[in-house]
Amino acid sequence: MIQNISIIGLIITIGEIALAIYKYMQETRRKKCSDTLQTINNLFNSTYSAREEYLSAFNNSTFDLEKIESNKKIYKSTMILLTQWESFSRGLFYNIYDFQLFIYLVPKELSEMLDGLTKFVERERDHKNYNRLFSDFTYLSHDVSTCLQMKLDNKKIPKRYKQIRRLK
């Protein structure tokens, strides 16, 4: 009789531990999605603001190294924006942010802006003779284009950012 009570108590304890782990994992997932949404919102706003600032200064939608370098304010804001994107891409790589949520929310227009910034980074690398400058950002920009094409082709997008690298 006492042995049956001990077994029942053990089963209940194991069930409670499993429930606590499940709740913890759900809360962690919710927090990760919340952090991702907040960061994406800030990045999108910063990116669109930088584009508007660039457009009003130069009447041109293509990020051009010479024009950006000629305006110290725009150059500084572009470098700050790229630093933010670099940090976000590292967060995606280390699974701090939710990659699927990010890809789901990326509009094609933003992808085109990231491509323009990537071209700026490539020219800046040549100019500064530093080929690792914003390398995580350039990987992300390329991977966003790849994933958007996968969405258009109705293909399954990997859950984690590191899985994109395996597709190449």
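None of the values given here were measured: they were computed from a predicted structure.
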Problem set entry | F88 and F102 aromatic centres sub-6.0 Å | yes

Exercise. Are L114 and V106 close enough that some pair of their side-chain heavy atoms sits under 4.5 Å apart?
Worked result: no

Exercise. Is it true that I80 and V121 fall in one hydrophobic cluster, defined by side-chain heavy atoms closer than 4.5 Å?
Worked result: no

Exercise. Passes salt bridge (Lys or Arg N to Asp or Glu O under 4.0 Å), K31 versus D35? Steps please.
Worked result: CA-CA 6 Å; K31 176 84 168 100; D35 290 348; 2.9 Å; yes

Exercise. Side chains of S46 and W85: do they bring a donor and an acceptor to under 3.5 Å?
Worked result: no

Problem set entry | Pairwise side-chain contact, R30 with Q26, heavy-atom cut-off 4.5 Å (strictly under) | no

Exercise. Does the pair F99 and R160 meet the rule for a side chain to side chain contact (heavy atoms under 4.5 Å, CB included), with working shown?
Worked result: CA-CA 6 Å; F99 179 68; R160 294 182 185 245; 5.8 Å; no

Problem set entry | Crowding at CG, N129 (>12 non-hydrogen neighbours, <6.0 Å) | no

Problem set entry | Polar side-chain atom of S49 near backbone of N45 as donor-acceptor pair, under 3.5 Å | yes

Exercise. If you measure only the distance, is there a donor-acceptor pair under 3.5 Å linking the side chains of Y161 and D143?
Worked result: yes

Exercise. Checking T146 side chain against H142 main chain: does a donor-acceptor pair fall under 3.5 Å?
Worked result: yes

Exercise. Between S111 (side chain) and P107 (backbone), is there a donor-acceptor pair under 3.5 Å?
Worked result: no

Exercise. Does the side chain of T78 come within less than 4.5 Å of Y54's, by heavy atoms?
Worked result: no

Exercise. Is there a donor in the side chain of S77 and an acceptor in the side chain of E53, or the other way round, less than 3.5 Å apart?
Worked result: yes

Exercise. Is M113 reachable from L105 through a run of I, L, V, M, F, W or Y residues, each pair having side-chain heavy atoms under 4.5 Å apart?
Worked result: yes

Exercise. Distance only, no hydrogens: is a donor on one side chain within 3.5 Å (strictly under) of an acceptor on the other, for Y75 and E124?
Worked result: yes

Problem set entry | N/O donor-acceptor pair under 3.5 Å between D153 side chain and K155 backbone | no

Exercise. Does the side chain of L117 reach to within under 4.5 Å of the side chain of L81, using non-hydrogen atoms?
Worked result: yes

Exercise. Hey, does F93 have a side-chain heavy atom less than 4.5 Å from the side chain of D136?
Worked result: no

Exercise. V144 and Y94: same hydrophobic cluster, using ILVMFWY side-chain contacts below 4.5 Å?
Worked result: yes

Exercise. Distance-only, no hydrogens or angles: does the K108 side chain make a donor-acceptor pair with backbone N or O of S145 under 3.5 Å?
Worked result: no

Exercise. If only atom types and distance count, is the side chain of N41 paired as donor or acceptor with the main-chain N or O of L37 below 3.5 Å?
Worked result: no

Problem set entry | Derivation and outcome, salt bridge (Lys or Arg N to Asp or Glu O under 4.0 Å), residues R125 and E122 | CA-CA 5 Å; R125 283 177 182 169; E122 290 167 357; 5.5 Å; no

